[in-house]
Amino acid sequence: MKRRRTPLAVGLAALAVLVATLGAAPAAHRHEGGAAPSPDAPHRGVVTAAHAPGHSPGRDRAARTFAEGRRERGAAAWTHRPGIAADLTHNWWGVFPRPGTHDGITATHSVDPSYRVSASDNFTYAPTTKAQNSCMEVVTAYSNTGNEIWAWDWCSDPGGPAKVLAIDADFLAKYTTTIGGGRSAYSVQLVQDDAGSNSWSSYLYNYRTAAWELLFRQSGQDRSGLDHGWDMFEIYASVNPATGTGYYCTEAANTVFDSSSIQLRNGGAWKAASPADSPWTEPNPDGAAFLCPGLRFVQAGANDHWTVQQ
């Protein structure tokens with residue numbers, strides 16, 4: 001004979017299911033696995049926490065140094081290692097997508113909220129990415145005023161950070177996934193919407209909603225003075241007299257700077273960056289030229305994945 005379940009038993013069973021469901025829910029939002037999102041995933045919504053930056057001495061100094069560093073280098077010089085000037089080393093390494101090869105770029109960039117910059121004139125922009133002629137560069141910006149994502153406006157005069165987004169708990173929960181080694185990483189995309197007006201949009205991928213959200217949109221003439229794109233590691237660093245190396249060399253000793261799944265859009269189709277369209281700035285950089293002799297520059301993929309770490 002089939003035994004009837006009492007109301008109490010039914011209630012307890014339902015409660016057990018509810019508890020199990022609620023207990024499992026947070027795991028769905030950890031975004032583990034590290035698979036790069038499809039560039040063709042839905043594009044909807046906006047990055048609501050991004051805002052126009054207010055003026056602060058630290059960010060203004062960082063923006064001024066950033067702009068001056070770009071202007072000092074002609075297109076040819078960007079393919080060579082720079083020197084040291086005014087006690088500040090400006091150096092970079094990564095891939096430089098060639099002119100005429102793309103009208104969009106996407107990548108997954110590591111981010112380390114624990115990395116703290118101490119010196120007021122030192123800045124680490126890594127990874128940072130820009131497409132050829134795009135109106136914006138999306139930058140992982142570390143400075144002593146805080147860690148932020150910037151959408152730098154290259155089609156305004158003067159240019160500067162048009163949108164900034166703090167690398168905080170909300171950012172990590174919405175916009176990051178977990179990649180190798182348990183590191184956090186976010187995915188970024190820049191695409192040209194209209195060639196005639198040189199209109200561009202930049203997006204961050206929201207792993208909660210599985211959609212690309214608009215970060216910044218701009219049109220006009222690219223004023224960077226450079227006709228190629230880039231996805232790179234970049235520093236402005238000075239020497240810590242106590243160590244003889246750059247301040248960041250100690251402060252970022254446990255930080256891994258990584259850019260993976262770099263793809264270019266050409267003719268409406270996305271494909272991985274390759275040696276044919278995205279050469280390395282140089283094959284074997286010397287860490288000493290970055291004020292950090294132990295720094296290693298790893299070509300982790302055929303020009304679609306790089307890692308910089310000690």
Side-chain angles (χ1 to χ4, degrees), residues 47 49-51 53-70 87-94 107-130 136-152 160-172 175-176 179 181-188 202 204 215 230-240 243 245-260 285 287 290-292 294-297 306-310:
V47 182
H51 58 89
H55 286 288
S56 71
R59 187 188 292 119
D60 290 350
R61 182 167 51 249
R64 187 168 54 251
T65 303
F66 187 94
E68 290 173 353
R70 292 297 197 272
D87 298 324
L88 195 66
T89 291
H90 176 206
N91 213 338
W92 56 86
W93 180 80
T108 295
H109 289 168
S110 64
V111 62
D112 183 359
S114 69
Y115 174 27
R116 293 288 182 266
V117 174
S118 63
S120 62
D121 60 348
N122 282 217
F123 314 101
T124 302
Y125 300 121
T128 181
T129 195
K130 183 183 183 299
M136 72 283 295
E137 178 177 357
V138 177
V139 189
T140 315
Y142 299 98
S143 74
N144 79 332
T145 58
N147 302 334
E148 297 177 321
I149 304 299
W150 289 358
W152 181 281
K163 293 288 185 179
V164 298
L165 178 64
I167 299 173
D168 57 15
D170 184 64
F171 170 82
L172 295 172
Y175 300 105
T176 67
I179 59 174
R183 297 185 299 275
S184 296
Y186 70 96
S187 293
V188 57
S202 58
L204 298 183
L215 175 63
W230 56 80
D231 190 277
M232 65 182 184
F233 168 84
E234 180 179 18
I235 55 135
Y236 292 82
S238 59
V239 174
N240 179 351
T243 63
T245 62
Y247 285 95
Y248 85 95
C249 189
T250 301
E251 294 162 352
N254 298 316
T255 299
V256 177
F257 303 96
D258 183 90
S259 178
S260 61
F290 288 75
L291 303 184
C292 191
L295 209 59
R296 295 187 293 119
F297 300 83
W306 57 260
T307 301
V308 177
Q309 66 183 114
Q310 296 181 58

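All figures in this text were calculated on a predicted structure; none of them were measured in a lab.
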Measuring from [X]:[atom1] to [Y]:[atom2], what's the distance to the nearest 0.5 Å?
X: R296; Y: T307; atom1: CZ; atom2: OG1; answer: 9.0 Å
X: T129; Y: E137; atom1: OG1; atom2: CD; answer: 7.5 Å
X: F257; Y: Y125; atom1: CZ; atom2: OH; answer: 13.0 Å
X: N122; Y: T89; atom1: CG; atom2: OG1; answer: 9.5 Å
X: Q309; Y: F233; atom1: CD; atom2: CZ; answer: 11.0 Å
X: L291; Y: C249; atom1: CG; atom2: SG; answer: 8.5 Å

Sub-3.5 Å donor-acceptor pair from the side chain of T124 to the main-chain atoms of A126, do we have one?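 Checking the backbone N and O of A126 against the side chain of T124, no donor-acceptor pair under 3.5 Å is found.
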Backbone N or O of P127 within a donor-acceptor pair of the T140 side chain at under 3.5 Å?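 Looks like yes, one N/O pair under 3.5 Å.
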Salt bridge (Lys or Arg N to Asp or Glu O under 4.0 Å) partners for K163, two or more places apart: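 Salt bridge (Lys or Arg N to Asp or Glu O under 4.0 Å) check on K163 returns nothing, list empty.
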Sequence neighbours excluded, which residues qualify as salt bridge (Lys or Arg N to Asp or Glu O under 4.0 Å) partners of D170?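 For D170, the residues satisfying salt bridge (Lys or Arg N to Asp or Glu O under 4.0 Å) (neighbours in sequence not counted) are K174.
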If every non-hydrogen atom of [X] is compared with every non-hydrogen atom of [Y], which pair is closest and at what distance?
X: S238; Y: L88; answer: N-CD1, 4.1 Å
X: L172; Y: P113; answer: CD1-CG, 4.0 Å
X: L165; Y: A50; answer: CD1-N, 3.7 Å
X: S143; Y: V117; answer: C-CB, 3.6 Å
X: P53; Y: P161; answer: CG-O, 3.1 Å
X: W306; Y: M232; answer: CZ2-C, 3.4 Å

Side chain proximity check, I235 to H90, heavy atoms < 4.5 angstrom: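 A side-chain contact is absent here, since even the closest heavy-atom pair is not under 4.5 Å.
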Close side-chain approach of N254 and Q310, heavy atoms under 4.5 Å: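 Not touching, per the 4.5 Å side-chain cut-off.
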Go through the side-chain N and O atoms of N144 and S120 and say whether any donor and acceptor fall under 3.5 Å apart.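 Distance-only check fails for N144 and S120.
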Please walk me through it: do L295 and Y248 pass side chain to side chain contact (heavy atoms under 4.5 Å, CB included)? CA-CA 11 Å; L295 209 59; Y248 85 95; 3.6 Å; yes
Pair Y142, T255 - check side-chain hydrogen bond (donor to acceptor under 3.5 Å, both in side chains), show working. CA-CA 12 Å; Y142 299 98; T255 299; over 6 Å; no
What do the steps show when you test I167 against I149 for side chain to side chain contact (heavy atoms under 4.5 Å, CB included), and what is the final call? CA-CA 7 Å; I167 299 173; I149 304 299; 4.0 Å; yes
For H109, which of D258, D231, T128 qualifies under side chain to side chain donor-acceptor pair (under 3.5 Å)?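 Between H109 and the candidates, side chain to side chain donor-acceptor pair (under 3.5 Å) is satisfied uniquely by D231.
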Near-ring test Y186/F171, centroid separation under 6.0 angstrom: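 For F171 and Y186, the ring centres are under 6.0 Å apart.
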Side chain to side chain contact (heavy atoms under 4.5 Å, CB included), that's the test. Do F297 and F290 meet it? Break it down for me. CA-CA 11 Å; F297 300 83; F290 288 75; 3.6 Å; yes
